[in-house]
Amino acid sequence: MGRVYRCNLHMHTCLSPCAELDMHPASIVRESIAQGLDVIAVCDHNASENVPYVQRAAAGTGLVVIPGMELCTQEEVHLVAIFERLEELEALQGTVYGNLAGVNDEDAFGIQAIVNEAGEVEGFNEHLLIGATGISLNRAVDLIHSLGGLAVASHIDRPAFGLIGQLGFVPPDVPFDALEVSAGLGIPQARQRYPELKDYQFITSSDAHFIGDIGRASIRMFLESPTFAEIGLALARRMGRYVME
Amino acid sequence: MTLETICERLSLKCKCCWENLKREVTGGYAGDLLSDVMANSTAGTIWVTRQVHQNIVAVASLKEHAAIVIVQGATPEKETLDKATKEGIPILVADMAEFEVVGRLYQLLYPAGD
């Protein structure tokens, strides 16, 4: 019944100040398909306005686009949140903007462009998306779960904004659904480096900020169909669904 | 020098473990990257940080710090205070910024400037 799906559960768009403008919805969809991906999750820094446009760009192509965000917690830990529905993501967005101070400076941090599926600029996000929210890691994970989402600590091995660099170790009482290791490290090496984390599901994602990086890492998941619910089962290693390591 | 003296001189608010303020401080360390603090700090030191997550208690306990000073008047999370109480690590809060806390602490601990 099931089969293997190639999933990239963390990539950015041109809404993220540090991403290139070529990362607009239509071009992300085109490159994701070219790279053989079945599922992508769009996760901009503290923002989500481009998600519906990527979904529209993917309509009819077979590529599944999961709504997501990479939020920056008060501890300056990056955390990927993915959801089944846009409304759930929008609810998280409301809390994030309520806890995110500052205005972007395009010259210092980059342009934060909201671009539609036709490649037209709809506007610019003025929040300081590169900043940290005032939401603690524990509260953020609880909030994501209360909205029905999945919480994945981003690139835990990276010195900047990674969970282990910021907080020294993975807090045992925070119920992460998975831990992402950076593409450069890869899962087999991460398993060797972090034997104490053996009970966590590891994933790797491209975390692409540039078109050329979209295909640099993905995971293969054994799912019955490419849906959010199935991804949740695979991360929890339940009902025969799993991530191939 | 004891924690008690440091609290008094720097006007630090003690949030838990009053009973341990007689503890002697052997030096100081400042850092907000807990991985760095784990790697480089030493026992008996007073650790100055802006982080308030409960992991700070585990790090301080592991490294046998005398106490943690949270700067900028930040509020430690409830879980952090609960853990600190259990581990016997005093949590002290300073209204000053990290730079100022560290500077004053350094003058107190090393009055000759060496």
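Keep in mind that this is a model prediction, so the values were computed, not measured. Convention: sequence-line order gives letters A, B, ...; per-chain numbering from 1.
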Which answer fits B:V37, side chain, backbone, both or neither, if we ask what part of it has an atom under 4.5 Å from a heavy atom of chain A?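 Contact with chain A: none, neither part.
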So, taking the atom named CD1 in A:I164 and the one named CG in B:L34, what distance separates them when rounded to the nearest 0.5 Å?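 A:I164 atom CD1 to B:L34 atom CG measures 12.0 Å (nearest 0.5 Å).
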Kindly check if the number of other-residue, nucleotide or ligand heavy atoms within 6.0 Å of CZ (B:F99) is above 12? no
Between chain B and chain A, are any donor-acceptor pairs under 3.5 Å, and how far apart is each one to 0.1 Å?
residue, atom, partner, partner atom, Å
B:L34, N, A:Q166, O, 3.0
B:S35, N, A:G165, O, 3.3
B:S35, OG, A:G165, O, 2.6
B:Q51, NE2, A:E75, O, 3.1
B:H53, NE2, A:N138, OD1, 2.7
B:Q54, NE2, A:D173, OD2, 3.4
B:N55, ND2, A:L167, O, 2.9
B:N55, ND2, A:F169, O, 3.0
B:E77, OE2, A:Q74, NE2, 3.3

